[in-house]
Protein chains: 2
Amino acid sequence: MDVTAGPRHRGPEDCRGVSTILARIGDKWSMLVVMLLGDGPRRFNEIKRMVGGISQRMLTLTLRGLERDGLVTRTVFPTIPPRVDYELTDLGRSLWQPVEALGNWAFAHLPEIEAARTKFDGKD
Amino acid sequence: MDVTAGPRHRGPEDCRGVSTILARIGDKWSMLVVMLLGDGPRRFNEIKRMVGGISQRMLTLTLRGLERDGLVTRTVFPTIPPRVDYELTDLGRSLWQPVEALGNWAFAHLPEIEAARTKFDGKD
DNA sequence: CTGTATCCTCGTTGATACTG
DNA sequence: CAGTATCAACGAGGATACAG
């Protein structure tokens with residue numbers, strides 16, 4: 001599908017299909033992890049540090065979810081201490097593009113949004 | 001900011017800034033509403049029907065949130081019965097682009113992801 | 001280091017009923 | 001039609017302890 005094409009109408013069924021994916025990547029941490037892994041493979045604790053604020057449990061669950069969806073691969077090195085690398089699959093890298101675009105949008109418009117919030121909260 | 005540029009490293013601080021926005025548009029309904037409004041202004045119940053499955057309460061909350069962030073405008077026509085139009089702002093339209101790209105990605109790769117899920121759940 | 005297993009809390013959501 | 005108010009339920013997420 002050509003994602004560069006203009007708007008195309010879709011029905012509610014498609015909306016819900018999209019919703020399924022959105023629920024996955026739209027959760028609290030998945031997009032951040034995907035953005036992070038865009039630079040290459042990372043180890044568990046490396047990701048944990050880079051994301052910042054995520055609990056061990058949630059990182060595990062997030063990575064499992066991404067792995068389940070075929071977005072990242074999990075590679076275990078049977079060393080002592082153990083080492084596990086996570087890396088974007090081809091599918092993951094294809095997701096990385098729109099995710100990064102969204103991230104860049106968020107980063108670029110953060111001030112605008114915060115201003116809008118302040119204005120909205122202030123009036124009345 | 002040029003969102004078409006290649007990867008650029010950002011620190012955890014930026015990640016959390018992005019997280020703020022993601023929490024907003026990454027909730028259960030906001031992205032679907034934004035995608036919908038890309039075609040032009042819609043009335044409250046019109047949106048409700050098109051999204052499908054959203055409760056009145058959640059649609060209200062979602063639209064309020066988007067309005068607060070300066071992404072949509074709310075226009076009340078003092079008629080009987082009342083009529084309220086919601087429309088994307090310029091900021092909203094600028095968000096619409098990456099959101100639509102993500103939506104198209106989701107739509108395009110839905111089969112792949114479902115296959116990956118089945119495979120992941122099946123093994124072991 | 002990289003997880004798994006519990007427990008517990010808090011926020012989000014949905015259902016329902018009511019109002020201008 | 002377009003909300004608001006209230007309540008109940010559920011689940012995501014954090015803290016902690018433990019294991020390989």
Side-chain angles (χ1 to χ4, degrees), chain A residues 12 15-16 19-34 36-37 41-69 72-87 120-121 123-124, chain B residues 12 15-16 18-33 36-37 41-69 72-87 120-121 123-124:
Chain A
C15 271
R16 259 174 261 113
S19 237
T20 307
I21 310 298
L22 262 36
R24 169 98 284 290
I25 60 179
D27 70 7
K28 199 172 180 183
W29 304 108
S30 293
M31 286 191 64
L32 290 177
V33 172
V34 169
L36 225 52
L37 291 181
R42 301 284 179 195
R43 304 183 50 175
F44 185 86
N45 273 350
E46 212 174 350
I47 301 173
K48 189 168 186 303
R49 262 192 313 278
M50 293 178 77
V51 172
I54 189 172
S55 66
Q56 200 169 33
R57 173 188 140 84
M58 284 318 296
L59 182 53
T60 300
L61 289 179
T62 299
L63 289 169
R64 282 282 182 284
L66 293 173
E67 187 192 1
R68 183 171 105 100
D69 286 359
V72 305
T73 55
R74 180 173 178 273
T75 310
V76 181
F77 299 89
T79 55
I80 306 286
R83 166 197 177 136
V84 182
D85 273 18
Y86 291 92
E87 184 172 15
F120 186 89
D121 294 345
K123 76 182 175 198
D124 297 339
Chain B
C15 269
R16 259 175 259 112
V18 169
S19 236
T20 307
I21 310 298
L22 261 36
R24 168 97 286 290
I25 60 178
D27 69 6
K28 199 171 178 183
W29 305 108
S30 293
M31 286 191 63
L32 290 178
V33 171
L36 226 51
L37 291 180
R42 300 285 179 194
R43 302 182 54 174
F44 185 86
N45 273 349
E46 211 174 351
I47 301 173
K48 190 167 185 305
R49 261 193 313 276
M50 293 177 77
V51 171
I54 189 172
S55 66
Q56 200 168 32
R57 175 188 140 83
M58 285 316 297
L59 181 54
T60 301
L61 289 178
T62 299
L63 289 168
R64 282 280 181 286
L66 293 173
E67 187 192 1
R68 184 171 105 99
D69 286 358
V72 306
T73 56
R74 180 174 179 272
T75 311
V76 181
F77 300 89
T79 56
I80 306 287
R83 166 194 176 137
V84 182
D85 273 17
Y86 291 91
E87 186 173 14
F120 186 88
D121 294 344
K123 78 183 173 199
D124 294 341

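Per chain, numbering begins at 1; letters A, B, ... match sequence-line order.
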How long is the line joining [atom1] of [X] and [atom2] of [N], in whole Å?
X	N	atom1	atom2	value
B/Phe77	D/dG3	CZ	P	12 Å
B/Met58	D/dG3	CE	P	15 Å
B/Leu59	C/dT12	CG	C1'	16 Å
A/Leu63	C/dT2	CG	C1'	11 Å
B/Lys48	C/dG14	NZ	P	11 Å

Nearest to the side chain of [X], which nucleotide is it out of [options]?
X	options	answer
B/Gln56	D/dG20, D/dT4, C/dG14	D/dT4
A/Pro82	C/dC1, C/dG14, D/dA2	C/dC1
A/Arg57	C/dA5, C/dG3, D/dA5	C/dA5
B/Arg64	D/dT4, C/dT4, D/dG13	D/dT4
B/Pro81	D/dG20, C/dG3, D/dC1	D/dC1
A/Asn45	C/dG14, D/dC1, C/dT2	C/dT2

Short N-O contact, A/Arg24 and A/Asp69, less than 4.0 angstrom: yes

Between A/Arg68 and B/Asp121, does at least one N-O distance fall below 4.0 Å, as a salt bridge requires? yes

Pick base, sugar-phosphate or nothing for A/Arg43, based on heavy-atom distances below 4.0 Å to the nucleic acid. sugar-phosphate

For a quick check of understanding: with a heavy-atom distance under 4.0 Å over all strands, which category does A/Tyr86 fall into, base, sugar-phosphate or nothing? sugar-phosphate

When A/Glu67 is tested against each of A/Val72, A/Thr73, A/Thr62 for side-chain contact (heavy atoms from CB on, under 4.5 Å), which residue passes? A/Val72

Do B/Arg42 and B/Tyr86 meet the cation-pi criteria used here (NZ or CZ under 6.0 Å from the six-membered ring centre, within 45° of the axis)? no

Please check the phosphate of C/dG14 (OP1 and OP2 only) for any side-chain N or O of B/Lys28 closer than 4.0 Å. yes

